[in-house]
**Q** 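Before anything else, here's the structure in question.
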There are 2 protein chains.
Amino acid sequence: MFTDFSTQIHFSRYSAVAISEPPMHAEIRYCNVCGQPVEFRIPPGDHLPRHVCTRCGHVQYRNPKVIVGVIPEWGDGRVLMCRRNIEPRLGLWTFPAGFMEQGETSAAGAAREAREESRAEVEVGPLLMVINVPYVSQVYMIHRGRLLSPHFGPTPESSEVVLMAESEIPWDKIAFPTIWHGLRAFFEDRRRGVWTTHVLDLTQRPRPPRQAEVPGDDPVGDA
Amino acid sequence: MFTDFSTQIHFSRYSAVAISEPPMHAEIRYCNVCGQPVEFRIPPGDHLPRHVCTRCGHVQYRNPKVIVGVIPEWGDGRVLMCRRNIEPRLGLWTFPAGFMEQGETSAAGAAREAREESRAEVEVGPLLMVINVPYVSQVYMIHRGRLLSPHFGPTPESSEVVLMAESEIPWDKIAFPTIWHGLRAFFEDRRRGVWTTHVLDLTQRPRPPRQAEVPGDDPVGDA
């Protein structure tokens with residue numbers, strides 16, 4: 001029935017850099033309302049174990065996080081890329097992206113991330129891609145955007161901020177599979193002249209690289 | 001530049017039922033790692049105040065939540081609707097939807113919600129709609145789906161589970177604006193014969209209803 005569904009489910013073609021384990025969640029051991037120990041058990045009326053306070057009964061939920069990003073395009077067609085100055089993936093490349101904050105839309109969050117990571121002012125446009133990443137409990141919402149001025153530069157989060165043509169994108173030094181897929185979708189749609197909202201489930205962790213695939217000239221990558 | 005952007009940003013046309021305040025977050029007062037009191041302050045290198053432990057320094061973040069849902073279609077074109085048996089919006093109507101769990105894709109979560117709320121087995125299809133709801137820090141991911149068998153029924157969460165034709169949808173008794181918009185998009189796309197992924201920012205709370213708009217025959221709505 002869903003003839004267009006197959007385009008939404010496929011595995012990552014991103015495999016050229018090693019992916020480390022996601023940062024571990026800190027373990028929930030105490031109630032954040034009353035400070036007493038919690039138990040990990042199924043609360044009444046629920047179906048999954050949760051962290052439940054042994055004293056006040058407060059249930060602390062853990063839920064997937066949303067990451068918002070934007071691919072900012074300059075008037076000449078180049079896009080703004082940032083070299084990560086922080087872990088994870090320090091030294092690898094990304095467009096501006098980060099955790100969505102309370103009270104934001106995805107577009108507002110993406111504009112904020114652009115400011116924080118590159119000091120760029122970006123008009124955030126339509127949603128280009130939604131990516132489910134269940135193995136790290138994340139959902140990516142990637143917009144395309146328009147860089148409003150040529151004023152941008154390094155920040156504590158980005159050691160370099162650079163405009164890149166498609167031919168200059170360092171495909172083997174992209175920080176995350178989601179970023180790789182977002183860039184691919186962006187350039188493919190732009191070439192076709194047809195923009196759409198792509199949907200992708202990344203259900204498998206990228207495989208570790210074979211030695212020959214490890215970038216040799218990247219002094220800070222963790223590959 | 002973004003000529004198709006205006007279709008992604010518009011305000012809710014849903015205004016026929018009252019919306020109560022969202023449930024308050026429990027206040028974070030203690031560290032869930034070590035049990036000691038937290039302070040609400042900007043951690044080093046951050047830009048927003050967070051709950052930071054006064055003893056171990058653990059930072060507890062609060063982030064928007066993802067709600068996953070599905071509009072399950074039966075072979076005759078009717079869709080599966082559930083009458084809520086729980087607060088909020090007890091007594092009003094929805095398709096299956098609920099908080100995404102850790103480790104899920106949006107499709108897997110939507111299928112789980114259908115099972116929990118209606119005992120229905122649903123083949124979850126493409127993403128129909130993404131809705132940002134910043135005033136409650138939520139992102140909705142609404143899929144369309146195919147009801148796989150006519151076996152469904154009430155659950156602790158749903159007092160009634162019913163197949164409805166478009167003409168039978170109780171538009172003035174829909175539980176949430178997001179559900180209303182998802183159904184509208186579904187029936188509009190189906191009528192046109194063109195499916196797309198809709199994107200919507202609901203940036204304004206629905207206005208309170210005028211008295212004449214309050215459903216008169218709904219004994220349990222909070223309007």
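A, B, ... follow the sequence lines: proteins, then strands. Residue 1 opens every chain. Because the structure is predicted, anything quoted here is derived from the model rather than measured.
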**Q** For chain B, which candidate among His198(A), Gln36(A), Met141(A) shows the most heavy-atom pairs at distances under 4.5 Å?
**A**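 Greatest number of close heavy-atom pairs with chain B: Met141(A).
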
**Q** So, does Asn63(A) use its side chain to make a donor-acceptor pair with the main chain of Met100(B) at under 3.5 Å?
**A**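 Such a contact is found between Asn63(A) side chain and Met100(B) backbone.
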
**Q** Let me know if Val130(A) has heavy atoms under 4.5 Å from chain B in its side chain, its backbone, both or neither.
**A**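 Just the side chain, heavy atoms under 4.5 Å.
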
**Q** With a 4.5 angstrom heavy-atom cut-off, is it the side chain or the backbone of His51(B) that approaches chain A, or both, or neither?
**A**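 For His51(B), neither part sits under 4.5 Å from chain A.
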
**Q** In terms of heavy-atom pairs under 4.5 Å with chain A, which of Ile28(B), Asn132(B), Val66(B) leads?
**A**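 Top count of heavy-atom pairs under 4.5 Å with chain A: Asn132(B).
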
**Q** Name the region of Val139(A), side chain, backbone, both or neither, that has any atom closer than 4.5 Å to a heavy atom of chain B.
**A**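 Contact with chain B is through the side chain of Val139(A) alone.
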
**Q** Of all the heavy-atom pairs spanning Gly103(B) and Ser137(A), show the shortest one and how long it is.
**A**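 Looks like N-OG, 2.8 Å.
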
**Q** Can you say whether Asn32(A) sits under 4.5 Å from chain B via the side chain, the backbone, both, or neither, judging by heavy atoms?
**A**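 For Asn32(A), backbone and side chain are both near chain B.
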
**Q** Measure distances from Pro64(A) to the heavy atoms of chain B and classify the residue's part below 4.5 Å as side chain, backbone, both or neither.
**A**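 Both backbone and side chain.
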
**Q** Taking every non-hydrogen pair under 4.5 Å, which of Glu101(A), Glu116(A), Glu104(A), Gln60(A) racks up the most with chain B?
**A**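 Heavy-atom pairs under 4.5 Å are most numerous for Glu101(A).
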
**Q** At a 4.5 Å cut-off on heavy atoms, which part of Ile86(A) comes close to chain B: side chain, backbone, both, or neither?
**A**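 Contact with chain B is absent: no heavy atom of Ile86(A) under 4.5 Å.
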
**Q** Looking only at non-hydrogen atoms, find the nearest pair between Thr203(B) and Thr105(A) and report the distance.
**A**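 Heavy atoms of Thr203(B) and Thr105(A) come nearest at CG2-CG2, 4.1 Å.
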
**Q** Given Glu27(A) and Val33(B), is the side-chain contact (heavy atoms from CB on, under 4.5 Å) satisfied, shown in steps?
**A** CA-CA 6 Å; Glu27(A) 198 179 346; Val33(B) 172; over 6 Å; no

